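Shown next, in structure tokens, is the structure this report addresses.
Computed from a prediction, not measured in an experiment: that's the story for all the values here.
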Amino acid sequence: MTTAVTSSKAPESPPASPSAPPRRRATRRRLTGAALAAPFAVLLLCTVLVPIGYAFYLSLFTDRLSGLGFDGYRQVFTGFGNYADVLQDPAAHDSVANVARYALIHIPAMFAGALLIALLLDSATVRLRQLWTLAVFLPYAVPGVIAGLIWGYLYSPGIGPVGDALPFDPFGESGVLPSIVNMATWQWMGYNVIIFYTALQTVPRDVLEAARADGASAIRTALSIKVPIIRPTIFVALVFTTIGSLQLFTEPMVLRTFTGTVTSTWTPSLYIYDAAFIRDDYGRAAAASILLALASALLSALVMRLSSRSSR
Amino acid sequence: MSAPTTTPTPAPTRRVPARRRTTERPEPGSRSSRWTSRGAVHGVLLLAALYSVLPLVWLVTSATKSVGDFSSTSAFELADFNLWGNLRDLFAREDGVFLYWIRNSLLYAGLGAVLGALICTACGYAIAKLDFPGRRALFAVTLAGVLVPPTALALPLYLLASELHLVNTFWAVFLPLLTNPFGVYLARTFADAAVPDEVLEAARLDGAGEFRIFLTIALPMMMPGFVTILLFQFVSIWNNFFLPLVMLTDPELFPMTLGIYQWNTRAPQFPDYNPLVITGSLLAVVPLITAFVVLQRQWRSGLSAGSVK
């Protein structure tokens, strides 16, 4: 269609000004660009920006029983009252503390494991790389709900071998955190192994050869050459893991069907779910959602800041 | 990936892939230490592989057990083979609602992945290669969108959908899952790396329209990226749990994950749901694992192109 337009108009443009067709072409390029980007832009607007704006609006109101309660609930403007409520709620504090403890164990453990396996796979003598990478990658393909169920059964005393073998109760007060950490680590370690391993493939071979010629051991090479070179990749993975940790939901939600130790407000996401669908307090739930989104953005910004500083 | 292209020769030490062979230096006296370290390397890898695979093995063996054997036999022990019986029960329970769940999962994930990947690829290409007004702003918002966690979005989406009377419909789950800001980011990277400007210029000189250039030239060049986005979007929709949990109340609209979860909440009271939950879980896992095994080459190359940039 567009080609037809050009050919019909081409004779009109005087051959003396060769800038006219490029300009028309630029317009066409702009229109096509906008057309190709439009579907995503509309989706982004409708499913991300407008909901966030709407949630912010709702977070400024609260439902109060009006008068003697005969008129039912009434929406009342509270300003940042819901935010103050969430920030002062002990249950919210506990949920943040749980996620923080979870992240502090899960992230170092998973990254150490994934890096170790990726470095071992990258070492020159490993056979059957494809098989090893596929084996550790498989848990990534398991939906979080299913992973939660599998481990829930494996932890169950009398049913699974894990619960019987462990020296502590994986459903108990102190055992439930390591249980959840293990579920998440099982799911995501292999994914990060692949990311790190592919990044390691790009480490220049002549650098490694030079290191070996200088007598550097394999461990030394890994720590002082390979890891620093793939550090940007590690930081990107860190950003995503941090965001993922903060929104921990599925694993504790599924474990709740196995044990009462996991409370209904165990993580911030569970807190939001509880506020919205159990307590019907949309204002508070909206405020908590906005706070969670802000916290994710701030934490990711912090991690990226650290990464740009350290790669300098 | 590093399939040995060199023919194996009866050398004293095993041949390593060509690109590193030159680094092999004769180290007198170190052969035994190399053997032990190789043993340690494989030991660690074996442990990691067992950790990853054993829970899945448990899933397979448990799916073959009857209710009675499930509670009376130990975890990895094989009992009477009852997989077909379990499958029959699975598809018969509650008027065959599991079939709906399979269909819904395929619909949400399959259609969502194809359509979503196309939308991402088109937008990523436009941002990378075509100058249009608002291009920088769109990319900035997209990057911010990558950082907004889906669980923080689920409740706002629910509130909006209930305002629009879309709650408990197909669209309430399908439309939000189409939006994949990270896919756009990846697609832009792929377009930058895989589509040279000279090729586009040449096509323009030949008189091809911009839209046709995208469809017939750029899209094929971005194929590995397209397949990667498609596969990972498929997985993330297939695995999604929070959004359906929030949006849907009608079991006939549930995806498999939500349906199996709901059955599992009944298992403590009704033990005969246990084999159904486990057999259903197996059916929810098998297609994804098959896809990853079959499409290995694509997603591996796609991931490397995307992650390294």
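- In this structure, A:F277 has its ring center closer than 6.0 angstrom to the ring center of B:Y158.
- Interface residue B:I289: backbone and side-chain heavy atoms are both found under 4.5 Å from chain A.
- With a threshold of 4.5 angstrom between heavy atoms, A:F56 does not approach chain B through any atom at all.
- Proximity to chain A is absent for every atom of B:P287, based on heavy atoms less than 4.5 angstrom apart.
- Of the listed residues B:L258, B:V293, B:N274, the one with more heavy-atom pairs under 4.5 angstrom with chain A than any other is B:N274.
- Between the CG atom of B:D131 and the CZ atom of A:R29 there is a distance of 8.5 Å, given to the nearest 0.5 Å.
- Between the A:W186 side chain and the B:Y51 main chain, a donor and an acceptor come within less than 3.5 Å of each other.
- Only the side chain of A:I272 comes within contact range of chain B, judged by heavy atoms closer than 4.5 Å.
- Contact tally against chain A (heavy-atom pairs below 4.5 Å) for B:G183, B:G145, B:P156: the top residue is B:P156.
- Counting heavy-atom pairs under 4.5 Å between each of B:V235, B:I213, B:V246 and chain A puts B:V246 at the top.
- In this structure, chain A has heavy atoms under 4.5 Å from both the backbone and the side chain of B:L46.
- Between chain A and the residues B:L175, B:L178, B:L159, the most heavy-atom pairs under 4.5 angstrom are made by B:L159.
- Between the side chain of B:R188 and the main chain of B:I127, no donor-acceptor pair closer than 3.5 Å is present.
- Ranked by heavy-atom pairs shorter than 4.5 Å toward chain A, the options B:M256, B:K129, B:E163 are led by B:E163.
- Between A:F249 and B:F241, the ring planes lie tilted relative to each other; the angle falls in the 30° to 60° range.
- Interatomic distance, OG of B:S105 versus CH2 of B:W238, reported as 4.5 Å (0.5 Å rounding).
- In terms of heavy-atom pairs under 4.5 angstrom with chain B, the leader among A:A55, A:A141, A:A286 is A:A141.
- In terms of heavy-atom pairs under 4.5 angstrom with chain A, the leader among B:L282, B:T142, B:T265 is B:T142.
- Both the backbone and the side chain of B:V141 have a heavy atom closer than 4.5 Å to some heavy atom of chain A.
- Heavy atoms of B:P149 lying under 4.5 Å from chain A belong to its backbone as well as its side chain.
- For A:Q187 (side chain) and A:V142 (main-chain N/O), a donor-acceptor pair under 3.5 Å exists by modelled atom type.
- Aromatic rings from B:F232 and B:F182 are positioned such that their centres are separated by 6.0 Å or more.
- Between the CD1 atom in A:I195 and the CH2 atom in A:W188 there is a gap of 9.5 Å [rounded to 0.5 Å].
- Highest contact tally toward chain B, considering only A:I117, A:L58, A:L134, A:L294, is held by A:L134 [criterion: heavy-atom pairs under 4.5 Å].
- Here CG of A:L138 is found 7.5 Å from OG of B:S52. Values are rounded to the nearest 0.5 Å.
- With chain B as the partner, the residue from A:L116, A:T133, A:V162 showing the most heavy-atom pairs under 4.5 Å is A:T133.
- Interface remark: of the candidates A:V48, A:T27, A:L128, A:V193, A:V48 forms the most heavy-atom pairs closer than 4.5 Å to chain B.
- In this structure, chain A has no heavy atom under 4.5 Å from any part of B:N240.
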